[in-house]
There are 2 protein chains.
Amino acid sequence: MGKRHFALGLDFGTNSVRALIADIQTGEEVSSFVHDYTRGEDGIILDARDPNLARQHPLEYTEGMERAVKGALEAAAAVRGFAPGSVIGIGVDTTGSTPIPVDGNGLPLAFHKDFESNPNAMAWLWKDHTAHEEAAAITERAHQNIPDYTTYCGGIYSSEWYFSKIWHLAKVDPAVYSASASFVEHCDLMPALLAGDTRPAAVIRSRCAAGHKAMFNAHWGGLPSQGFLTSLDSRLDGLNAKLYEKSHTADTRVGGLCKEWAARLGLAPGTAIAGGAFDAHMGAVASGIKPGVLVKIMGTSTCDMMVVPPGELKKAIKGICGQVDGSITPGLTGLEAGQSAVGDIFAWYRDETRWALGNLLPLTGHGSQLSQEQLAKIMSESRTTVYRVLSERASSLRPGESGLLSLDWLNGNRTVLVDPNLTGMLLGLTLATEPHEVFRALIEGTAFGARIIMDRFESYRIHIDEIVTCGGLPNQNPFLMQLYADILGRTIKIARSGQTCALGAAMFGAVAAGPGQGGFRKVEEAQAAMSGLSDSSYKPDSGSRDAWAKLYALYKKLHDSFGTQGCNEDLFPVMKELLAIKRSVTH
Amino acid sequence: MGKRHFALGLDFGTNSVRALIADIQTGEEVSSFVHDYTRGEDGIILDARDPNLARQHPLEYTEGMERAVKGALEAAAAVRGFAPGSVIGIGVDTTGSTPIPVDGNGLPLAFHKDFESNPNAMAWLWKDHTAHEEAAAITERAHQNIPDYTTYCGGIYSSEWYFSKIWHLAKVDPAVYSASASFVEHCDLMPALLAGDTRPAAVIRSRCAAGHKAMFNAHWGGLPSQGFLTSLDSRLDGLNAKLYEKSHTADTRVGGLCKEWAARLGLAPGTAIAGGAFDAHMGAVASGIKPGVLVKIMGTSTCDMMVVPPGELKKAIKGICGQVDGSITPGLTGLEAGQSAVGDIFAWYRDETRWALGNLLPLTGHGSQLSQEQLAKIMSESRTTVYRVLSERASSLRPGESGLLSLDWLNGNRTVLVDPNLTGMLLGLTLATEPHEVFRALIEGTAFGARIIMDRFESYRIHIDEIVTCGGLPNQNPFLMQLYADILGRTIKIARSGQTCALGAAMFGAVAAGPGQGGFRKVEEAQAAMSGLSDSSYKPDSGSRDAWAKLYALYKKLHDSFGTQGCNEDLFPVMKELLAIKRSVTH
């Protein structure tokens, strides 16, 4: 066995940053370290007056990166054949769209004393929804424009995305807006920082962020025109010049590790730095994405990713929120769909069913004599017990036996309706309905939602031969995975790695290093060496196929009636009007 | 003060029988006693193989009546001016339709050794739903018939009603069917028993049961014709001759108390016995029903009752399940509407929220060290705590603040859709939805359902000046009652009596006795003397009127889309198909 080469993947999540060191010949994950962010609530800066606000202090990223890498290096020290100098490349993935206002040197404005505690000068975390009005206005304006800039992002621009947030900033905080020399995605800033040149004009902008979140597309020569931006709001005059004209795939070598960060991290100066991308996209690569394989990253929400050869897709797919050349695998068109809540729905219901333990037990009988510590222990242990009990009981139900049907829109609908103003629904309740039936119906609702996405891909002749899952859910709940296999009618495989996003980042690091440094020429080579599947898989029960087809047809009726304009004039507005009333009451 | 006169009301409920002794000059309830039935589950004979089956052994009625009356007499013994001989009249109300197969002497077949443990020979309790197929067939056949016999019972014949049950009996148990000399409603049997003549031809059949449940109407000369019955099933040949040609209002004096029952009860032989009626109808009388007053009996389900002068109603009201001359107040047309689940829905959700106490606590942390007795105490105390906590938190929400909307059909819809194949729905769920919001939305859903009923009355120019409530709910939860007042936009008053059904029965007893015995000439006189309102009432908050109007309009859209044929071809079948699938899986 020759000299071992390693790559470092840095995975910046919503609440923590993970550093992973992987052997690039085998994909073996020799060490990893997770650093939890320290500011605000689980690392997120909130605003009690506005539940839509979610920011992150950029110091989390620099402090956290240093801590996580050191932790991973310490853990790898004992690994045979490992030395910091054997790390040949570094890749980065982050959440997104998470734009950061920066100064003329490309440093976050929040690093300046004046702005250090101003949330508007921090990173606008992906799940910040303060810009929902701006998103709606961008969508409307784009539809009137030729070209329609939303063509390749599903037809509806999101409040989570780049321009919505920048525009909202321009409205609510002119001081921060005018002090901004540019707005850099988190996934673009980190490689630039590591390579030692963050000047806005020099930053390598990722195809992934640009294409999926900033309406960047070769069809119209890059970003939306200044004329378009000005037509939105005169305050956006001059914005285009602060941004960029080119974007790059993540196999691009951004540069070599600069001396300052080499010293802080304990790695060799000059180590190859790959371009950044979003977590899901790199996770898909580490899950072995290729044409015909649908990768589902299943956690609190899902991302459903596919790649197709360029030119195969004759027209934009309606409702698929991203279709971007090279955003996942360089040379292939990356397709990103997803459900805005999946695991989050189960966690919500878990907490509904546990409500009595926290709210009634301390008031009732012997429960009132339990100590705070005992009550806290009951709450914490029940977090897992509840899933076990509900899943056990729900697993014995047959398709349709609960009589329930749910719409999985408790956090809106990302694909294919692309509508945040939808809400969840539970239908079929009777006086005999029990919690394990509701739990199962909620899972089934998310699986039906997943089937809608598959159907949409296939209706555009993008055939799905295989489903590979990764993320938190696939390894937690076999009952859930079997239900998904049955409802989707496909075998579901599971990626071998439990940290696919970080592994994907490491793979891009190995590609950026290139064969000269012991790395790879291209992403497919890295996949062949480093990615793989777990031994367990879930096969659909063919006996239940017809039952699921009937139930799915009923789901589809609800889905279309409440979610699709023009299908039902009475019902389409109901969820939206309820939300509007709710907002008018609570604001 | 002269000699006091008293009347006895016997109220046969679903799980118990109540005897009430009331002063007929003042309505003062001097004593009461409740006897819980002893057989089956809470007095109901069930069948583990068929959740639709609900029967009651007629021995419950004779044994229970004796026990309850003796209990009430014992409790009244110390009352000044009371003596058993000062009871001048006895009235009876029961659940219904609760038909009982009887022999040639009018005694229940279940009193015979051969049939004593055969559920088909017992009372077919109102909530027995075994005859749903027969009900549907009767409805269909009636619609083809001239006259349409369902005209005055809402257009849809129920599985809970007289002929559905008799027909089902003829199908499933020919031995019992052919041994039956007649089928007597529980409310008709009890007065006949007390008066000592139960021969079928002699039994006074109540207008209430005949008109509301047996399609008896003067327009077509009484019951449906034998031709109609035979057209349903040749097994029903000869049925008509076993039944009756006349029906009577409950102020009718059925007879005097027979010696046997006088001895068993400890009352004077010859005491006037009034005709029977259903519990809700007599409760409405004790609540002061008169033209312009809507009486809502609010408990596990509701009955919404009105009376109108004869001739005022020009045509049958669509969806109002009973319109019968004299069924409530003699001389006025009684209208009966209702919601098939109200308090039952809140109890269902109470138990959903308490699920963790029974199912997780014993498995978790210190909860697993609690004794069976301690756990049982927590469960029992939490029954009330949960309502208090949920109501407290829900009361601070403003209209629309939860963003939720519910359809209150967890036990089907009685009025105005008259459709048991509907189910409950909860719409507007988000990841932030909390149990007190769901609880409130469920209450609001029932109040919207109540408003639909009011609207239906008023759309037929039956004006509602006043709402009076009675039953279990009005005195239990002020938050709920205020919400009802706000949503209905009316002042809601509460009947003074906590046992209006039994009091109403006593009032009919006093009317049957007549002025010669110190009683009344007519029901209105009894009402003037014996009924009254509680001091507390709930006035609508006029500031929230517009908000409720908007939310009600949204409720109406859901109601019509899922509940009304012809309104939405996609959605109308959804609940029905889900139920059909559920039934096909579970049977």
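By convention in this document, chain letters (A, B, ...) are assigned in the order of the sequence lines, proteins followed by strands, and residues within each chain are numbered from 1.
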Should the pair B:Lys377-B:Glu373 be classified as a salt bridge under the 4.0 Å nitrogen-to-oxygen rule?
no
Would you mind checking which part of B:Val574 comes under 4.5 Å of any heavy atom in chain A, side chain (CB onward), backbone (N, CA, C, O), both or neither?
both
Checking A:Leu571 against chain B: side chain, backbone, both or neither under 4.5 Å from a heavy atom?
side chain
Hey, can you tell me if B:Tyr552 and B:Tyr555 have their rings parallel, tilted or perpendicular (30° and 60° cut-offs)?
parallel
Result of checking A:Leu370, A:Leu357, A:Leu375 against A:Pro362 for side-chain contact (heavy atoms from CB on, under 4.5 Å):
A:Leu375
Using 30° and 60° as the class boundaries, would you call the ring planes of A:Phe439 and A:Tyr387 parallel, tilted or perpendicular?
tilted
Looking only at heavy atoms and a cut-off of under 4.5 Å, which of B:Thr423, B:Leu431, B:Leu426, B:Leu360 has the most pairs with chain A?
B:Leu431
Could you tell me which portion of A:Arg393 (side chain, backbone, both or neither) has an atom closer than 4.5 angstrom to a non-hydrogen atom of chain B?
side chain
Under 4.5 Å from a heavy atom of chain B, the part of A:Thr385 involved:
both
Pairs meeting criterion salt bridge (Lys or Arg N to Asp or Glu O under 4.0 Å) with involvement of residues 422-433 of chain A, two or more places apart:
none
Is a side-chain donor or acceptor of A:Arg354 paired with a backbone partner of B:Ala356 at a separation under 3.5 angstrom?
no
Sorted by first residue and then second, give each salt bridge (Lys or Arg N to Asp or Glu O under 4.0 Å) pair with at least one member in residues 418-435 of chain B; sequence neighbours left out.
B:Asp419-B:Lys576
Test side-chain hydrogen bond (donor to acceptor under 3.5 Å, both in side chains), reference A:Glu160, set A:His129, A:Lys127, A:His132, A:Arg414, output is A:His129
Taking B:Ser561 for the side chain and B:Leu558 for the main chain, is one N or O donor matched with an acceptor at less than 3.5 Å?
no
Would you please go through residues 401-412 of chain B and name the residues with a non-hydrogen atom below 4.5 Å from one of chain A, in numerical order?
B:Glu401, B:Ser402, B:Gly403, B:Leu404, B:Leu405, B:Trp409, B:Leu410, B:Asn411
Checking A:Trp548 side chain against A:Pro399 main chain: does a donor-acceptor pair fall under 3.5 Å?
no
Please classify the contact of A:Val386 with chain B as side chain, backbone, both or neither, using a heavy-atom distance under 4.5 Å.
both
Is the count of non-hydrogen atoms from other residues, nucleotides or ligands lying under 6.0 Å from B:Gln369 atom CD greater than 12?
yes
More than 12 non-hydrogen atoms from neighbouring residues, nucleotides or ligands closer than 6.0 Å to CZ on A:Arg388, yes or no?
yes
Would you mind telling me which of B:Ala553, B:Pro435, B:Gly400 has the largest number of heavy-atom pairs within less than 4.5 Å of chain A?
B:Pro435
Treating B:Thr446 as the side-chain partner and B:Ile443 as the backbone partner, does any N or O pair qualify as donor plus acceptor under 3.5 Å?
yes
Spell out the residues in residues 562-570 of chain B that have some non-hydrogen atom less than 4.5 Å away from a non-hydrogen atom of chain A, in order of number; otherwise answer 'none'.
B:Phe562, B:Asn568, B:Asp570
Using a cut-off of under 4.5 Å for heavy-atom pairs, which of B:Gly428, B:Gly365, B:Ala547, B:Ser382 has the most such pairs with chain A?
B:Gly428
Side chains of B:Glu437 and B:Leu397: does their closest heavy-atom pair fall under 4.5 Å?
yes
Mind ranking A:Lys557, A:Glu381, A:Gln374 by heavy-atom pairs under 4.5 Å with chain B and telling me who comes out on top?
A:Gln374
B:Ile345, B:Leu579, B:Leu551, B:Leu361: which one forms the most heavy-atom pairs within less than 4.5 Å of chain A?
B:Leu361
